Protein chains: 2
Amino acid sequence: MTSDSTRATRKGDQTRTLILRTALEQFGEQGYRGASLRDIAARCAISHPGLLYHFPNKQALLMEVLEHRDEVDRAEQASADDTGIDVLRRMVRSASVNQSRPGIVEMFVVVSAESTASDHPAHDYFVERYARLIDEVAQAYRVMRDAEQLVDGVNPLLAARQLIALMDGLQVQWLLDNDGVDMASALREHLQRHIKVSL
Amino acid sequence: MTSDSTRATRKGDQTRTLILRTALEQFGEQGYRGASLRDIAARCAISHPGLLYHFPNKQALLMEVLEHRDEVDRAEQASADDTGIDVLRRMVRSASVNQSRPGIVEMFVVVSAESTASDHPAHDYFVERYARLIDEVAQAYRVMRDAEQLVDGVNPLLAARQLIALMDGLQVQWLLDNDGVDMASALREHLQRHIKVSL
DNA sequence: CCTACCGATCGGTAGG
DNA sequence: CCTACCGATCGGTAGG
């Protein structure tokens, strides 16, 4: 029975994962409103009511795409208990990894921009996401300040906002001109002006 | 005859300007694809074929919205022959002014993000816009380097990309949390780490 | 500038 | 998972 239910789940899970991957691409290329369920479904070789068998509606699909990305990222990072400089190193590492994933970068750039409208289905998600991210990085800066690893006058909260803003802005430039921008080294150079120790 | 044609033009121009302003708002709130000509037209109290009497199609409307903004900005700045530190001061000033124009900020954030897709109608516009902007700021950094006003090791082109990325990223955070971010002072603080002189 | 209309496409449901 | 269908909405045109 275990193997039966496992096998049964597996097929459906594969389709679900394919839909999630395809939807991420399309939300990136066309935006949330611009992407159509029919187009996403066709790319998965199913009908659009077939897609709606797996996800109740378009909003739910978007939210599951976002949450699926977070889960995969969490799994990749392994050590989520980083503190201080390790958090900053992880940001640079993440920028480096992103340079081989234009689809994921585009999706976050486009959907986070759309989500600034307060009636966007992912508005609350991004408000909460930024609050969490800024908090985490600010805390890392605070730990470094207490260890006297920060350049004088660096404000942890402001520096956190600046670092994340820089990362977001570089992604737009990188998407418009892949070869003109090296996101990871631009971040590293910036960080090195904030901290005394070496990254 | 002069006064007749002036009066005749004036009415049409007023409607055109109203449409441009309303379209800017809607492109910001709904994105280019998400905004509808019918909705924009209704907010101007005309029919949507009425709107299409002034603009041949949706793409042309978007392009005219973007160009209209550039014209107004150019007119406001007055002194476009700034060099060196004046260019950086203008960037900070611009961030400060933007903090009273959420509609304009949202429009640029959303449409520039959408435009990273190579088939977006404003793709070429934004590729060209970023190239020009980065060039201008990089040139300002170069002038300052030659005047020995730059902190050691600052690379003009990289610093230009970072400054513009920071500005773009701060706009997203500001749109999501107006009270949590002061774009102008975040920019000023960043710039002061790159230059020896006072802003 | 308007009304009336076009074909295309959308998200979602019924029913199997 | 499918076919068939729904009402709503889209950008754009005809003709005035």
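Every chain is numbered from 1 and lettered A, B, ... according to where its sequence line falls, protein lines coming before strand lines. Every value quoted in this text rests on a predicted model; they were computed, and no experiment measured them.
- The side-chain heavy atoms of R90(A) and D86(A), taken from C-beta on, include no pair separated by under 4.5 Å.
- With contacts defined as side-chain heavy-atom distances shorter than 4.5 Å, the pair L20(A)/E64(A) qualifies.
- Across I40(A) and T22(A), no two heavy atoms sit closer than the pair O-CG2, 3.8 Å.
- By the 30° and 60° cut-offs, the orientation of the rings of F126(A) relative to F108(A) is perpendicular.
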Quiz item: Which nucleotides of nucleotides 8-16 of chain D have their base under 4.0 Å from a protein heavy atom (B), which only their sugar-phosphate (S), and which neither (-), written as one string 5' to 3'?
Solution: --BBBB---
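- Using a 4.0 Å cut-off between charged nitrogen and carboxylate oxygen, R43(B) and E29(B) do not count as a salt-bridge pair.
- Secondary-structure stems of DNA chain C, taken as three or more successive Watson-Crick or G-U wobble pairs (i with j, i+1 with j-1) under a 3.5 Å distance threshold, comprise C:1-16 with D:1-16.
- Each of V127(B) and V110(B) belongs to its own hydrophobic cluster when Ile, Leu, Val, Met, Phe, Trp and Tyr are linked at side-chain heavy-atom distances under 4.5 angstrom.
- DNA chain D lies under 4.0 Å from no heavy atom of any residue of residues 18-31 of chain B.
- For R93(B), the CZ atom sits in a loose shell: 12 or fewer heavy atoms of surrounding residues, nucleotides or ligands are nearer than 6.0 Å.
- Follow the hydrophobic side-chain contacts under 4.5 Å out from L191(A) and you never reach V97(A); the two are in separate clusters.
- Taking side-chain N and O atoms only, S47(A) has no distance below 4.0 Å to OP1 or OP2 of dC1(D).
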Exercise. Applying salt bridge (Lys or Arg N to Asp or Glu O under 4.0 Å), run through R132(A) and D135(A) and close with a yes or a no.
Key: CA-CA 5 Å; R132(A) 188 168 34 79; D135(A) 243 43; over 6 Å; no
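- You'll find the side chain of H194(B) stays beyond 4.5 Å of the side chain of M144(B), heavy atoms only.
- Between L51(B) atom CG and dC1(C) atom P there is a gap of 10 Å when expressed in whole angstrom units.
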